Amino acid sequence: MKEGVSVPDVTFKVRVRDESVGGDNPFKWQDYTSKDYFSNKRVVVFSLPGAFTPTCSTFQVPGFEQNYEKIKQMGVDEIYVISVNDTFVMRKWMLDQNVCKVKFIPDGNGTFTRQMGMLVDKSDLGFGKRSWRYAMIVNNGEIEKMFVEPGKRDNAEDDPYGESSPENLLKYLESK
C-alpha cells in the first residue's frame, strides 16, 4: 500500500461488552468494517508484530497512549493499534497495558495486514504470520502518510523501531 490509496476493505471480528448477555463474560461478537474505523475521520493507525512483545509493550503502545492528546490536537480524531492477534488477546493486552485512550483492532486472520502488504513470516520466533511494524495517517479511508520501518522481510533478525514511533508521527503532524 502507498499514500493516496484507500485502506483495504475488510471485516474485523470483535468482542464487545453487552450487559444484556449476562453472566461472568458479558460479551458478544460484533463485526466492524474498515469503514467503521476509517470513514469520515482522520486517524493514526500503528501496527506491530504482536501483543505483549517487548518493543510494542515497552515503547510503542505506551508512547501513543502518552501522546494521545497531543496527537489529537494536531487534527487527528482517533488512534488505533492493529495487530495480527485475536480479539481476546488484544483485550487482555489493552487491560495489561492500562490503555484507556488508544483503541485496539484485532486482525486475527491477518486479512487487513496482508492486504496492506505488511504480512511477514516470523516463524523463526514461533510467531507464524505477523505484521511488519508500521504506522500511517488515514484520512477518510485514504492513506495520507505511511511510516514503515526499514528492511521489511520474512524472518528478520532485527525488529527496527523509530519510523513508526509516536515521536516521528508528531514531527510529521507538526510540519503540516
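Heads up: numbering here begins at 1 and tracks the sequence. Quick caveat, the model's predicted, so the values are computed rather than measured.
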**Report entry** Heavy atoms of other groups near Lys70 NZ, more than 12 under 6.0 Å
**Finding:** no
Query raised in the report: Does some side-chain heavy atom of Ser83 sit less than 4.5 Å from a side-chain heavy atom of Ser47?
Result: no
Report task. Please determine, by modelled atom types, if Gln60 and Ser165 share a side-chain donor-acceptor pair under 3.5 angstrom. Result -> no
Query raised in the report: Where is the tightest heavy-atom contact between Glu65 and Cys100, given as atom of each residue plus distance?
Result: OE2-N, 2.8 Å
Report task. Using the rule that two of Ile, Leu, Val, Met, Phe, Trp, Tyr join whenever any of their side-chain heavy atoms come within less than 4.5 Å, decide whether Leu170 and Val81 are in one cluster. Result -> yes
Report task. Compare every heavy atom of Asp9 with every heavy atom of Gln115, then report the nearest pair and how far apart it is. Result -> OE1-N, 4.4 Å
Query - Pairwise side-chain contact, Val10 with Ser34, heavy-atom cut-off 4.5 Å (strictly under) - result: yes
Query raised in the report: Does Tyr134 share a hydrophobic cluster with Val76, counting links as ILVMFWY side-chain heavy atoms below 4.5 Å and allowing steps through other members?
Result: no
Query raised in the report: Can any side-chain N or O of Asn139 pair as donor or acceptor with the backbone N or O of Glu142 at less than 3.5 Å?
Result: no
**Report entry** Gap separating the CD1 atom of Ile71 from the CD1 atom of Ile137, nearest 0.5 angstrom
**Finding:** 8.5 Å
Query raised in the report: Do Arg133 and Asp159 sit within salt-bridge range, that is, some charged N less than 4.0 Å from a carboxylate O?
Result: yes
Report task. Return the minimal non-hydrogen interatomic distance between Leu169 and Ala135, and the atom names on each side. Result -> CD1-CB, 3.7 Å
Query raised in the report: If you look at every heavy atom in Pro62 and Cys56, which pair is closest and at what distance?
Result: CD-O, 3.7 Å
**Report entry** Gap separating the CZ atom of Phe27 from the CZ atom of Phe88, nearest 0.5 angstrom
**Finding:** 9.5 Å
Query raised in the report: Quick one: do Glu144 and Arg42 make a salt bridge, cutoff under 4.0 Å?
Result: yes
**Report entry** Cluster check Leu95, Phe64: I/L/V/M/F/W/Y, side chain < 4.5 angstrom
**Finding:** yes
Query raised in the report: Do Leu48 and Phe104 sit in the same hydrophobic cluster, where Ile, Leu, Val, Met, Phe, Trp and Tyr count as joined when their side-chain heavy atoms come under 4.5 Å apart?
Result: yes
Query - Counterpart residues, salt bridge (Lys or Arg N to Asp or Glu O under 4.0 Å), relative to Glu174 (two or more places apart) - result: none
Query raised in the report: So do the side chains of Val102 and Val61 get within less than 4.5 Å of each other, counting heavy atoms only?
Result: no
Query - Considering all heavy atoms, the nearest Pro160-Trp132 contact - result: CG-CZ2, 3.8 Å
Query raised in the report: Do the side chains of Phe12 and Asp31 get nearer than 4.5 Å, heavy atoms only?
Result: no
**Report entry** Non-neighbouring partners of Tyr32 that pass side chain to side chain contact (heavy atoms under 4.5 Å, CB included), sequence neighbours left out
**Finding:** Val14, Val16, Gln30, Asp36, Tyr37
Query - Results of salt bridge (Lys or Arg N to Asp or Glu O under 4.0 Å) for Glu157 - residues two or more places apart only - result: Arg153
Query raised in the report: Just by distance, do the side chain of Asn168 and the backbone of Glu163 share a donor-acceptor pair under 3.5 Å?
Result: yes
Report summary line: CD1 (Ile82) and CZ (Phe46) are apart, to the nearest 0.5 Å, by 11.0 Å
Query raised in the report: Can you find a heavy atom in the side chain of Leu125 that is under 4.5 Å from one in the side chain of Lys122?
Result: yes
Report summary line: So side-chain hydrogen bond (donor to acceptor under 3.5 Å, both in side chains) across residues 91-102, not counting sequence neighbours, yields Ser57-Trp93
**Report entry** Pair Glu149, Ser164: side-chain N/O donor-acceptor within cut-off below 3.5 Å
**Finding:** yes
Query raised in the report: Sub-3.5 Å donor-acceptor pair from the side chain of Lys2 to the main-chain atoms of Lys145, do we have one?
Result: no
Query raised in the report: Are more than 12 heavy atoms from other residues, nucleotides or ligands located less than 6.0 Å from atom NZ of Lys72?
Result: yes
**Report entry** Donor on one side chain, acceptor on other, Thr113 and Asp107, under 3.5 Å
**Finding:** yes
Query - Partner set under salt bridge (Lys or Arg N to Asp or Glu O under 4.0 Å) for Lys28, not counting sequence neighbours - result: Asp18
Report summary line: To the nearest 0.5 Å, atom CG of Leu173 lies from atom NZ of Lys176 at 9.5 Å
Report task. Give a yes or no answer on whether the side chain of Asn140 reaches the backbone of Ser39 with a donor-acceptor pair at less than 3.5 Å. Result -> no
Report task. Show the numbers, then the answer: is there a salt bridge (Lys or Arg N to Asp or Glu O under 4.0 Å) between Lys41 and Glu78? Result -> CA-CA 8 Å; Lys41 52 190 152 188; Glu78 197 57 77; over 6 Å; no
**Report entry** Rounded distance [0.5 Å steps], CG in Leu119 versus CG in Asn109
**Finding:** 10.5 Å
Query raised in the report: Side chains of Tyr68 and Gln73: is there a donor and an acceptor less than 3.5 Å apart?
Result: no
Query raised in the report: Can you tell me how far the CZ atom of Phe59 sits from the CD atom of Glu167, to the nearest 0.5 Å?
Result: 10.0 Å
Query raised in the report: So if you build clusters from Ile, Leu, Val, Met, Phe, Trp, Tyr with side-chain heavy-atom gaps below 4.5 Å, do Met118 and Tyr161 land together?
Result: no
Requested in this report: Applying side chain to side chain contact (heavy atoms under 4.5 Å, CB included), run through Ile105 and Phe112 and close with a yes or a no.
Outcome: CA-CA 10 Å; Ile105 300 175; Phe112 184 86; over 6 Å; no
Query - Test salt bridge (Lys or Arg N to Asp or Glu O under 4.0 Å) applied to Arg130 - qualifying residues, sequence neighbours left out - result: none
Requested in this report: Using the side-chain contact (heavy atoms from CB on, under 4.5 Å) rule, pick out the option among Asp121, Thr53, Asn155 that qualifies with Phe127.
Outcome: Thr53
Query raised in the report: For Met136 and Ile143, which heavy atoms make the closest approach, and how far apart are they?
Result: SD-CG1, 4.0 Å
